[in-house]
Amino acid sequence: MAAGASLIIGLVIVVLASIVAWVFSPKGDNQTLWRSTLILSFVSCFLMWAIIFMAQWHPLIAPKRSDIRPDRVPQ
């Protein structure tokens, strides 16, 4: 599976889970609290996973120190 497809599949799963949480949240005075909590949890977990996934997929180039003298060539 291509790495880019993992992000799309994860996003689709989170959207579906959010829709299920919206529809099947318990009815009553705390329905808005349930919906908000579940959807924010799904989105937060997805964002954390996606950021870590992207950081490993495209890592930063290791920085080079500029305060070290270049090696001198012996004459």
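Linking ILVMFWY side-chain heavy atoms closer than 4.5 Å, directly or via other members, places Phe24 and Leu16 in two distinct hydrophobic clusters. Hydrophobic clustering, with ILVMFWY side chains joined whenever heavy atoms are under 4.5 angstrom apart, keeps Leu40 apart from Ile19. One hydrophobic cluster, built from ILVMFWY side chains closer than 4.5 Å, holds both Val15 and Trp34. Cluster annotation: Val43 is connected to Trp22 through the hydrophobic network of ILVMFWY side chains, with a link wherever side-chain heavy atoms come within less than 4.5 Å.
Rounded to the nearest 0.5 Å, atoms CD1 (Ile13) and OG (Ser18) are 11.5 Å apart. Leu47 CG to Ile52 CD1: the interatomic distance, rounded to the nearest 0.5 Å, is 11.0 Å. The distance from the OG atom of Ser25 to the CD1 atom of Ile39 is 8.0 Å, given to the nearest 0.5 Å.
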**Prompt:** Between Leu7 and Trp57, is a side chain to side chain contact (heavy atoms under 4.5 Å, CB included) present by the stated rule, with each step listed?
**Reply:** CA-CA 11 Å; Leu7 291 171; Trp57 192 21; 4.2 Å; yes
**Asked** Should Thr37 and Phe42 be marked as a side chain to side chain contact (heavy atoms under 4.5 Å, CB included) after you check the CA-CA gap, both sets of side-chain angles, and the distance that decides it?
**Response** CA-CA 9 Å; Thr37 302; Phe42 294 146; over 6 Å; no
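Side-chain atoms of Phe46 and Ser41, non-hydrogen and from C-beta on, never get closer than 4.5 Å to each other.
The two residues Arg35 and Ala21 make their nearest non-hydrogen contact at CG-O, 4.2 Å.
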